[in-house]
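Encoded as structure tokens, the structure appears first; notes follow it.
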Amino acid sequence: ATTRLTSAFRKLLADRNIDNHDLALVVLWSTATGLAEHFTGPRHAFHGLSWDETVRYAASVLTNNALSSTPDSSQQ
């Protein structure tokens with residue numbers, strides 16, 4: 001399952017002209033597992049943010065930063 005997931009992510013990254021697929025995958029994977037760990041442990045009690053709100057924000061930040069760093073982001 002992990003191989004299929006990383007292959008799908010690599011294709012998505014390539015389709016969007018994002019350089020260094022391995023680095024992008026590490027950041028995506030670390031963010032997803034970090035959020036999962038955060039919300040399944042006691043730390044989520046320190047703020048009033050929901051899982052959905054936090055994941056939407058993380059996706060927005062990662063997407064905006066990844067796309068703004070691509071060479072042809074002005075064409076997207």
message: Restricting to side-chain hydrogen bond (donor to acceptor under 3.5 Å, both in side chains), what partner residues turn up for R56, sequence neighbours left out?
response: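 Scan of R56 (side-chain hydrogen bond (donor to acceptor under 3.5 Å, both in side chains), adjacent residues dropped) gives none.
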
Rounded to the nearest 0.5 Å, what separation is found between the [atom1] atom of [X] and the [atom2] atom of [Y]?
| X | Y | atom1 | atom2 | answer |
| --- | --- | --- | --- | --- |
| E37 | H44 | CD | NE2 | 13.0 Å |
| R10 | T3 | CZ | OG1 | 10.0 Å |
| K11 | T6 | NZ | OG1 | 14.5 Å |
| H47 | H38 | NE2 | NE2 | 3.0 Å |

task: Could you list the residues that satisfy salt bridge (Lys or Arg N to Asp or Glu O under 4.0 Å) with R4, not counting sequence neighbours?
output: none

For residues [X] and [Y]: do they belong to one hydrophobic cluster (side chain heavy atoms under 4.5 Å, members Ile, Leu, Val, Met, Phe, Trp, Tyr)?
| X | Y | answer |
| --- | --- | --- |
| F9 | I18 | yes |
| L25 | V27 | yes |
| L62 | V26 | no |
| V61 | V55 | no |
| L35 | L49 | no |

query: Which residues pass the side chain to side chain contact (heavy atoms under 4.5 Å, CB included) test with L23, sequence neighbours left out?
result: N20

query: Which of parallel (below 30°), tilted (30 to 60°) and perpendicular (above 60°) describes W51 and F39?
result: perpendicular

